[in-house]
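Here's the structure, in structure tokens; my notes come after.
In what follows, every chain begins at residue 1, and chains take the letters A, B, ... in the order their sequences are listed.
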Amino acid sequence: MGMDRRTFVKRTCMGTAGLLVGNVPTLASDEVVLPKAPPIDVHEAPLSKRSTLGMPGLFPGRVVEVADARAIAGNRVSQPIVHDMLERGLKELAGEKSAEAAYAKFIDPKDVVGIKINPSGAPACCSSPELVREIIFGLRSMGVPAKNIVVYDRFGYEMDLGSYQTLLPPGIRMVGVQDGTLDASGYDANVYCQVDFFGEWETRSYMASIVANEVDKIINVPTLKDHSASGVTGCLKNVGYGTFNNVARSHQAPYSFTDPLIGVMCSVEPLRSKVVLNIMDGMRMVWHGGPLTQNQDFIYTLGVLLVSTDPVAMDTIELEAIEKKRREEGAPSVWERNPKSITTDGRAFFKDASKNLYYRQPSHIAAAGKMGLGVWDLKQIDHRKLRIS
Amino acid sequence: MDKGNNIAVGEMPTITENDWVTLLKDNARTGGQPAPALPAPGKTRWQMRVGSSIRSAPVLRGETLYVTTMGGLLHAIHTDNGRQKWKFKAGGAVHSTPALSGDLVLFGCDDGKVYAVNGESGAKVWEAATDGEVWASPVVREGAAFFGSSDGYMYSVEASTGKKRWKQGLGGRIISTAYAAEKRNYVGCGDGHVHCLDAATGKILWSTLTGNGIDSSPAMVGDTLVIGSEDFFVYALDANNGAMRWKYETGLGVSSSPAVLGEVAVIGSKDGYLYALEIGTGKLRWKVRAGEVITAPPVFGDSLIYLQSWGLLALSAENGNVVWRAGLGGAVQGAPVIAGRTLYLGSNSGDVYALE
């Protein structure tokens, strides 16, 4: 695809935590002030018209939370319970009487549908195969052929650890975009974000070809997790950092530029237009040590699904839930800016909830909201809670 | 005990007892138990970079090591110096551990095919197509190759020609490598069943349901079949009828495959522990924390057990104590080959090592 079909855009960064208001706590006088992020150049695919289904989608600010105490027992997810939870959530979100009708608001049977899972942290906490199976069954029931369903992530070996290759139904495709850290063959060289954060040797991050060129729609299936650099990893990070390569360079201890890079990546077309639905797996909540921890001490079985078209609103709810749990556990806020909380010892981070590797950047959520990707003000979010059992 | 060995009289004259012809050495999953207990490797005799990650186990015949890669290549490597003898390019990434049959090297590919390549020249001899990725290792017995596919079917073809004998739908993706007994095949399935099939016709003789999908590959001792499931349990089934003899609960899913030695089966779990279970009773003999997550199969070498996780470990077969560890050879599904005083292994990073 030639350069003439692309546009070149310089995105204005939305500022760092200290500049934001609203959900964002103000800094205490003895806390560190973080460096300001440099501007990010975006080279994206021009669209004749941005899809109204894309972020923030058909229902900005609406988040449906479905809880069922039976959803996870003995650390095993119950597929029949998840089936009911998902159906309830989709119907409530779309105002429809059936899950098929709800899916039909976002997906056409002729679409090639990508399901963006989050296997990072598998097997302890990843997008549950039981939930992914239900989404596949839902798509099949509204007429999407199995061959037009692609379950994907950036790293195939993480998908292997989650055993998706065994547990998902036959006929669908599974794609790990890249083999090793330096493998760029699965990326589109014409769609990228360019920025130099720390003097890194490669300053571009390219969009996965499967997103740029293969799928028509994306259903985003993030997990509910703390993240050492971005504060939380939810919808935005799963689909932003899960679509572009070379993203770990945005954080170099103890600093993180996940704000604004996550939001900027989510705003890049055609990614923005293709993400039509977010289904967050809250069967387990990682409240510390994310995204990779296997330490069960920091993994709480929550038994919740969140459904929304608005990734910003959903991540705002996620952030509130993780903050609440951290308070209950006596852990500091993910907004912590005290230099004493920073450790260079990864083992300490994975064992001690008061420690962190970076100054986390949960402000990336509000920053994405200010880019138009969704509603970030908690007071403006239509948070609908359903409890089945 | 059915040795399940694919060294058939008059069929594969080039294969010897010292060769390592399939996953865990032979179809009985003995994991090379007569091999010596090696001391901690003192040096890397050679290291070869294959350019993409390795998600399978190597196999060995004579002086040639065969390794498949995610870059879609089958490499034949001289064991004396680590130099490449030849390489064969398949049509997609390869997760499948190769299997040796006569002068052929068989392996599955993500392009849906099983390839048979001449082990000396690297020339393709035949290919057999399925409708899904083939991650399982083909298993050869009595002139027939058996393998499952992600399309949900189990296949049998003639090992020398690739001509189809039968295919049988099982209801879920098949990643598990089959255990081929004299007249029966045993295999786990993504729909949670362990199936027993007639080796001649593919007819399902019995099926036993576990609580989740299965990617573990079974081992058999006497008439007891041992296999793990993603439902967190290790199962022992009566190979005659599928009746459950015992099951043992681990902390997470079990995609590792059991290696057997005498009356003990050793198997890893995603909870990070390696478990030694008495085959007759299911009683835990020992368990040991051997990594963050264990998905690879262990290998027996005399009194030691070798395991690839984020590195390579050697543990006492007696009590599971770690005897030595090496910080290389991190792998999802890799397992080392033991040949004399040398360990051959591949890694996620795309390196093949000869350690001694």
With a sphere of 6.0 Å drawn around CZ of A:R249, does it hold more than 12 non-hydrogen atoms of other residues, nucleotides or ligands?
yes
What option among A:G171, A:G176, A:P129, A:P170 has the most heavy-atom pairs under 4.5 Å with chain B?
A:P170
Do you know which of B:D231, B:D215, B:D191 has the most heavy-atom pairs under 4.5 Å to chain A?
B:D215
Residue pair A:D179, B:R55: steps toward the salt bridge (charged side-chain N to carboxylate O under 4.0 Å, His left out) verdict
CA-CA 10 Å; A:D179 177 34; B:R55 310 265 185 85; 3.7 Å; yes
Within a reach of under 6.0 Å around NZ of B:K89, are more than 12 heavy atoms found that belong to other residues, nucleotides or ligands?
yes
Part of B:S52 within contact of chain A (heavy atom distance under 4.5 Å):
both
Compare every heavy atom of A:S163 with every heavy atom of B:E230, then report the nearest pair and how far apart it is.
OE2-OG, 3.0 Å
One should read off an interatomic distance between B:D110 CG and A:R173 CZ, to the nearest 0.5 angstrom, of 11.5 Å
Report the option among B:I174, B:T295, B:V293 that has the most heavy-atom pairs separated by less than 4.5 Å from atoms of chain A.
B:V293
Could you grab the distance from atom CG of A:L161 to atom OG of B:S255, nearest 0.5 Å is fine?
8.0 Å
Looking at chain B, which one of A:S185, A:G156, A:A124, A:A146 has the largest number of heavy-atom pairs inside 4.5 Å, strictly under?
A:G156
Would you indicate whether the side-chain heavy atoms of A:T166 and B:I214 approach each other to under 4.5 Å?
no
For B:N212 and A:L167, which heavy atoms make the closest approach, and how far apart are they?
OD1-CD2, 3.4 Å
Please determine, among B:M70, B:E133, B:H95, B:K270, the option with the most heavy-atom pairs under 4.5 Å with chain A.
B:K270
Would you say B:W246 has more than 12 foreign heavy atoms packed within less than 6.0 Å of its CH2?
yes
Around B:K287, counting heavy atoms of other residues, nucleotides and ligands shown, do more than 12 lie under 6.0 Å from its NZ?
yes
Heavy-atom closest pair (B:R173 atom, A:Q165 atom, distance to 0.1 Å) is CD-O, 2.8 Å
Would you find more than 12 non-hydrogen atoms of other residues, nucleotides or ligands less than 6.0 Å from B:Y353 atom OH?
yes
Does any heavy atom of chain B fall under 4.5 Å from the side chain of A:Q79, the backbone, both, or neither of them?
neither
Whether A:R76 engages the ring of B:F232 as a cation-pi pair (distance to the six-membered ring centre under 6.0 angstrom, angle to the ring normal within 45°) should be assessed.
yes
Any side-chain heavy atom of B:D271 sitting closer than 4.5 Å to one from A:Q294?
no
Tell me, for B:E249 versus chain A, whether the close heavy atoms (under 4.5 Å) come from the side chain, the backbone, both or neither.
side chain
Tell me whether the count of non-hydrogen atoms from other residues, nucleotides or ligands lying under 6.0 Å of NZ in A:K147 goes above 12.
no
Do you know which two heavy atoms are closest between A:P123 and B:L252, and how far apart they sit?
CG-CD1, 4.0 Å
